Amino acid sequence: MIDYTKYTLQKENIILDSKALEYFLEKIGKSKAEFLNEFSYGESKEKLEGIKNFLKYKIIVELGIVEKEYSDCDCMAKVKEEIVNYLLNKGYNAKNCNERYIEVEGKLFETDTANSVQTMFGEYLRNYLSEKIYSKEDSKYTDFVSEYTSGYGFPKKVEYRDYFFLQNIEKWYNLADEEDKKIFEKFSLLASIYHTLGNVILVPIGFNMGRNRIFKDYLNFSLEYLDKLLNIADNELYKCITGYDIMQECFKNIDKLPKTNADINNYLDAMIGYITKRNETFTLSNK
């Protein structure tokens, strides 16, 4: 099982110098050497390592300081090559095309990340912080909600918000009760397998962006909608490239967007189960 996130976090010849990096380093008060050390890929088994690596990856991408090849993991040449090999082993005619496209049986598809970490983690963390960490009487709560981190001297940009998360995630985890600790740990587990082959699917061109707007990238609702459009449940090719059968198995008890901690727990289990099972299909096929 290959984690492609680490390619974006290696130090060798990947981080690009730019005005954006200079400005970011000035704002966070770090040298480039300190930045490279802080943003290196964490290999430890520490409970929050997965989510920390994910936040590092998001910050680096938002700053635009990596080559395009490393900025979108589901478009990486190595990822596309392995998907093509997987499809060839399955008996399909497949070939790698430019950008994020792969041709299968004469039809053009685009790569897509199946399950999103960012959407649900962001919503959960904002609710957790507002309800359990920053009280509404505390001015920091207002600063955090309205300007993310402006009250802490950072601009209102995604990379500074995620850096604020990265700097404080351990503290928030240590303040959590057992229920929230388990959710933090499941998010970290999900993040640790986020950029593996099992979480990359092929979809019709344009569906990638469309599902984000309509379904916030939630896989089960996205694939159920695609089934209504193209009857993918009865199409072996579409089932293969989307993992539709695995989705139905893992998400069978989920019929609504996650709101409560119980909902989030169930969703995380479904997402982790889907990626794990689909990774097994790649492993078996590519032996």
Side-chain angles (χ1 to χ4, degrees), residues 1-80 99-100 111 113 116-119 121-122 125-126 129 133 140 143-174 184 187-196 199-200:
M1 195 166 64
I2 302 172
D3 184 346
Y4 297 100
T5 309
K6 66 180 66 178
Y7 289 102
T8 67
L9 300 175
Q10 291 170 334
K11 300 177 186 178
E12 297 83 4
N13 304 317
I14 290 182
I15 302 298
L16 306 174
D17 287 312
S18 69
K19 291 294 183 183
L21 177 59
E22 288 179 18
Y23 184 73
F24 184 76
L25 293 175
E26 179 185 339
K27 285 295 181 182
I28 67 173
K30 299 286 176 69
S31 68
K32 185 176 179 182
E34 289 172 320
F35 171 81
L36 288 173
N37 184 61
E38 184 176 359
F39 278 71
S40 62
Y41 186 84
E43 294 282 4
S44 79
K45 301 298 183 183
E46 186 251 318
K47 289 178 179 178
L48 299 181
E49 201 66 62
I51 203 67
K52 287 180 181 177
N53 283 331
F54 177 76
L55 289 169
K56 293 173 189 177
Y57 163 76
K58 294 296 291 184
I59 293 164
I60 288 171
V61 169
E62 288 294 337
L63 285 172
I65 55 174
V66 289
E67 296 284 1
K68 187 176 180 181
E69 165 71 1
Y70 300 99
S71 66
D72 201 348
C73 285
D74 60 10
C75 298
M76 288 176 63
K78 181 64 175 172
V79 175
K80 292 176 65 188
E99 298 179 352
R100 66 189 311 131
T111 57
T113 301
S116 171
V117 174
Q118 185 71 40
T119 300
F121 181 66
L125 196 52
R126 284 189 289 274
L129 293 176
I133 300 299
K140 287 184 179 181
D143 291 334
F144 178 79
V145 172
S146 64
E147 300 291 336
Y148 291 120
T149 58
S150 65
Y152 303 84
F154 294 151
K156 186 184 177 183
K157 290 187 175 180
V158 173
E159 56 265 35
Y160 294 96
R161 178 201 66 187
D162 287 346
Y163 187 70
F164 179 66
F165 289 168
L166 182 62
Q167 294 300 297
N168 289 279
I169 196 78
E170 281 194 40
K171 178 181 75 175
W172 297 333
Y173 170 79
N174 290 331
F184 271 98
F187 269 118
S188 194
L189 174 56
L190 175 63
S192 72
I193 59 175
Y194 180 71
H195 285 130
T196 54
N199 201 34
V200 181

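A quick note: this is a predicted structure, and the numbers were derived from the prediction, not measured.
- In this structure Thr111 satisfies the side-chain hydrogen bond (donor to acceptor under 3.5 Å, both in side chains) test with no other residue, sequence neighbours excluded.
- For the atom pair CD1 of Ile28 and CD of Gln167, the computed distance is 7.5 Å after rounding to the nearest 0.5 Å.
- Partners of Lys52 by side-chain contact (heavy atoms from CB on, under 4.5 Å), not counting sequence neighbours, listed by chain and number: Glu46, Leu48, Glu49, Leu166, Ile169, Glu170.
- Taking the side-chain hydrogen bond (donor to acceptor under 3.5 Å, both in side chains) definition, one finds that Lys19 meets it with nothing, sequence neighbours left out.
- Checking Thr113 against Asp74 by side-chain atom types alone, a donor-acceptor pair falls below 3.5 Å.
- Here the CZ atom belonging to Phe121 is positioned 12.0 Å from the OG atom belonging to Ser116, to the nearest 0.5 angstrom.
- The backbone N or O of Ile193 lies less than 3.5 Å from a partner atom in the side chain of Thr196, making a donor-acceptor pair.
- A distance of 9.0 Å separates CZ in Arg161 from CG in Leu125, rounded to the nearest 0.5 Å.
- Between Ala191 and Val117, the closest heavy-atom pair is CA-CG2, 4.1 Å.
- Annotation: side-chain hydrogen bond (donor to acceptor under 3.5 Å, both in side chains) contacts of Asp162 (sequence neighbours excluded): none.
- With sequence neighbours excluded, the residues that form a side-chain contact (heavy atoms from CB on, under 4.5 Å) with Ser18 are Ala20, Leu21, Ile65.
- Within a 6.0 Å sphere centred on NZ of Lys32, heavy atoms belonging to other residues, nucleotides or ligands number more than 12.
- Two rings, from Phe187 and Trp172, have their centers 6.0 Å or more apart.
- The side-chain contact (heavy atoms from CB on, under 4.5 Å) check on Glu62 picks up Val158, Glu159, with sequence neighbours excluded.
- Leu189 meets the side-chain contact (heavy atoms from CB on, under 4.5 Å) test with Ser192, Ile272; sequence neighbours excluded.
- Legend: residues meeting side-chain hydrogen bond (donor to acceptor under 3.5 Å, both in side chains) with Lys30, ordered by chain and number and at least two apart, are Glu38, Tyr163.
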Does the side-chain contact (heavy atoms from CB on, under 4.5 Å) test come out yes or no for Lys47 and Phe184, once each step is laid out? CA-CA 9 Å; Lys47 289 178 179 178; Phe184 271 98; over 6 Å; no
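- A distance of 11.0 Å separates CG in Asn53 from NE2 in His195, rounded to the nearest 0.5 Å.
- Judged purely by distance below 3.5 Å, without hydrogens or angles, the side chains of Asn168 and Lys171 pair a donor atom with an acceptor atom.
- Summarising the geometry, atom SG belonging to Cys75 is positioned 8.5 Å from atom CD belonging to Glu99; distances are rounded to the nearest 0.5 Å.
- The CG atom of Leu55 sits 12.5 Å away from the CZ atom of Phe164 when rounded to the nearest 0.5 Å.
- Aromatic pair Phe24/Tyr160: ring centres closer than 6.0 Å.
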